[in-house]
J.: 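Shown below is the structure under consideration.
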Amino acid sequence: MTQSRSEAITFPTGRPGPFDPPERLASLREERPIARLAYPDGRIGWLVTGHSAVRAILADPRFSSRRELLNIPVPFPLMQEMRGPAEPGMFIRMDPPDHTRYRKPLTAQFTVRRMKGLEPRIREITRERLDAMEKAGPPLDLVSEFALPIPSLVICELLGVPYADRDEFQHATSALLNLESSPEEIRTALAGIASFFARLIALKRADPTDDLLGGLIEDGELTDEELRNVGFLLLAAGHETTANMLGLGTFALLEHPDQLATLRADPSLIDNAVEELLRFLSVIHIGPTRAALEDVEVEGELIRAGEVVALSVPGANRDPSRFPDPDRLDVTRSASGHLTFGHGLHQCLGQQLARVEMRIAFPMLFDRFPGLRLAVPAEQVAMRDTMSIYGVRALPVAW
Ligand code: HEM
């Protein structure tokens, strides 16, 4: 029976521990995997927690990603500000044919050859961070010294940001990622990044390079404004997500010493371990969201045209009908089929790069510091539960 609008719930928050999603998601998934949800602006939409329904909606072109149709299920000021149609190039919030026009040339740039070519650089970047940590000595914050800089420097490599400009790039992006930044500081940071990309593109137009931005310029399909926004999208989509996986993933391994020992005893498990951490931690803990373009029936519920649907990745990834014993971190299991990179048309474009970063960074960290441990009791580690990407705010470690 379809739930009445007056029975709508609010988006579940409040986690029982640092690694487990809100318990309400599990009871919802059991009772009502497609449930009525009240959005902060008073509109009523849906929250989907079952794996099969989340996957089906992500694969269904009758559900739109257009930003002007979407609604955010939680009252985050920065996310609430991003309203209206997506800027040219921000194809994550577009439908075909606009989405296709950007995604196609971008996919052509994310080649196996380019990803392979980045591996030695990712190793070098990781080694440099580990050297810096060793030099600074314990205790230190693993987030600011390791988890944040690695993805940032890797995106510099991918885009082809010259060495001399990397400090400026990191400075501009750190204000964006800093939780303490005021809306004013965020606006300033956004303007700084836009002018940074504008200069970078001008430089590459004058002096062509063999990196991703250089390749897109050579294609000649995109305007400067589109290139700027594509650069910003790659930064926004790739930096914070990977950084939180590195920070929260390290915390999870330290708090599950049996799993860490299993992984260290058999390094060939790293690919499995990375997939399992992606599944278990589900750092994309709010969205993705979609809007129905017409009336659609999904698993017995009628979703009306115009209604917004929030798809719970933690709900789907902990669904016992898809993953046996889902609340257990098990680095030996095959976690393929998790939805942390999404599914369908918008499935993460940078997933291979993110995987390579994690497959390199975790083992190098634990090889360099076999005695790595938390420098504070686990309960004192501050979590990012009110941010769009879940993770740790800081991770004080010693060795
Ligand atoms: C662990 C790290 C990452 C996670 C968990 C993640 C997750 C996701 C998810 C869930 C989506 C789909 C959003 C939707 O359907 O609305 C997505 C899209 C996207 N991601 Fe990632 N991502 C990660 C790393 C990266 C990296 C490293 C890059 C690039 C350097 C990247 C670039 C993108 C882009 C461009 C899109 C939009 C694709 C489209 O709309 O067609 N991501 N990502």
Side-chain angles (χ1 to χ4, degrees), residues 48 54-55 57-61 63-67 69-70 72 79 82 86 89-107 109-110 114-115 118 122 147 150-161 173 211-213 216 229-249 274-291 308-314 316-317 335 338-362 388-391:
V48 185
V54 169
R55 195 169 185 280
I57 292 173
L58 285 172
D60 190 331
F63 286 94
S64 169
S65 282
R66 273 162 53 202
R67 193 165 73 193
L69 304 179
L70 299 184
I72 314 289
M79 288 170 84
M82 308 275 261
M90 284 287 176
F91 59 96
I92 192 167
R93 295 284 171 265
M94 294 178 186
D95 291 342
D98 302 324
H99 172 261
T100 328
R101 192 167 81 75
Y102 296 106
R103 171 112 185 180
K104 224 169 135 208
L106 253 294
T107 307
Q109 292 299 325
F110 273 82
R114 177 164 286 139
M115 296 306 118
L118 281 173
I122 297 174
I150 291 176
S152 162
L153 289 165
V154 171
I155 290 176
C156 285
E157 287 292 327
L158 179 74
L159 294 176
V161 175
T173 56
D211 44 65
L212 185 143
L213 266 184
L216 285 175
N229 287 332
V230 163
F232 179 68
L233 172 59
L234 293 176
L235 171 70
H239 186 181
E240 209 179 342
T241 42
T242 316
N244 280 294
M245 272 307 299
L246 290 176
L248 185 63
V274 164
E275 292 316 299
E276 172 66 348
L277 287 167
L278 285 160
R279 179 197 74 82
F280 183 71
L281 299 171
S282 297
V283 293
I284 309 287
H285 66 150
I286 309 292
T289 48
R290 297 289 189 267
V308 176
V309 185
L311 304 165
S312 174
V313 171
N317 282 346
H338 71 73
L339 296 175
T340 307
F341 288 124
H343 179 68
L345 276 186
H346 290 271
Q347 194 179 38
C348 182
L349 190 60
Q351 57 184 293
Q352 291 316 336
L353 183 60
R355 286 190 170 104
V356 169
E357 286 182 56
M358 289 183 275
R359 288 172 186 169
I360 290 176
F362 285 127
S388 61
I389 314 286
Y390 184 64

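Each residue takes its place number in the sequence, starting with 1. Each ligand, and each atom within it, is numbered from 1 in the order the structure gives.
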J.: State if R93 counts as touching ligand 1 under the rule of any non-hydrogen atom under 4.0 Å.
T.: yes
J.: How far is atom 13 (C) of ligand 1 from its nearest protein heavy atom, and which residue and atom name does that atom have?
T.: I92 CD1, 4.0 Å
J.: What is the nearest protein non-hydrogen atom to atom 1 (C) of ligand 1, stated with its residue, atom name and distance?
T.: M245 CG, 3.7 Å
J.: Side chains of M115 and L158: does their closest heavy-atom pair fall under 4.5 Å?
T.: yes
J.: Does the side chain to side chain contact (heavy atoms under 4.5 Å, CB included) test come out yes or no for L233 and N229, once each step is laid out?
T.: CA-CA 6 Å; L233 172 59; N229 287 332; over 6 Å; no
J.: Does T340 use its side chain to pair, donor to acceptor, with the backbone of L278 at less than 3.5 Å?
T.: yes
J.: If you define the side chain from C-beta out and look only at heavy atoms, does anything of L353 sit under 4.5 Å from V154?
T.: yes
J.: Report the part of M94 (side chain from C-beta onward, or backbone N, CA, C, O) that has a heavy atom under 4.0 Å from ligand 1; answer both or neither where that applies.
T.: neither
J.: Is the contact between L345 and ligand 1 made by the side chain, the backbone, both, or neither, using heavy atoms and a 4.0 Å cut-off?
T.: backbone
J.: Could you tell me whether the side chain of V309 reaches within less than 4.5 Å of the side chain of T289, counting heavy atoms only?
T.: no
J.: Hey, are S64 and R290 close enough side-chain-wise for a donor-acceptor pair under 3.5 Å?
T.: no
J.: Quick check on contacts: which atoms of ligand 1 are under 4.0 angstrom from a heavy atom of F91?
T.: 35 (C), 38 (C), 39 (C), 40 (O), 41 (O)
J.: Between R290 and ligand 1, find which residue part has any heavy-atom pair under 4.0 Å and reply side chain, backbone, both or neither.
T.: side chain
J.: May I ask you to identify, for H99, whether its side chain, its backbone, both or neither come under 4.0 Å of ligand 1 on a heavy-atom basis?
T.: side chain
J.: Which label fits F91 and Y102: parallel for a plane angle under 30°, tilted from 30 to 60°, or perpendicular past 60°?
T.: parallel
J.: Would you confirm whether T242, through its side chain, and G238, through its main-chain N or O, come within 3.5 Å as a donor-acceptor pair?
T.: yes
J.: Which residue, L248, L277, V313, forms the side-chain contact (heavy atoms from CB on, under 4.5 Å) with V283?
T.: L248
J.: Just heavy atoms, cut-off under 4.0 Å: does H346 contact ligand 1 by side chain, backbone, both, or neither?
T.: both
J.: In the protein, what heavy atom is nearest to atom 10 (C) of ligand 1, and what distance, to one decimal place, separates them?
T.: T340 O, 3.3 Å
J.: Look only at the side chain of H346 and the backbone of D95, and say whether a donor-acceptor pair between them is shorter than 3.5 Å.
T.: no
J.: Heavy atoms only: which of L234, V230, I389 lies closest to atom 35 (C) of ligand 1?
T.: L234
J.: Would the distance check show the side chain of N317 and the main-chain N or O of L339 forming a donor-acceptor pair, the cut-off being under 3.5 Å?
T.: yes
J.: Tell me whether the count of non-hydrogen atoms from other residues, nucleotides or ligands lying under 6.0 Å of CZ in R355 goes above 12.
T.: yes
J.: Please give me the protein atoms (N, O or S only) lying under 2.8 Å from atom 21 (Fe) of ligand 1, ordered by chain and number.
T.: C348 SG
J.: Please identify which atoms of ligand 1 are closer than 4.0 Å to at least one heavy atom of T242.
T.: 2 (C), 24 (C), 27 (C)
J.: I need the nearest protein heavy-atom contact for atom 38 (C) of ligand 1: residue, atom name and distance, please.
T.: R103 NH1, 3.3 Å
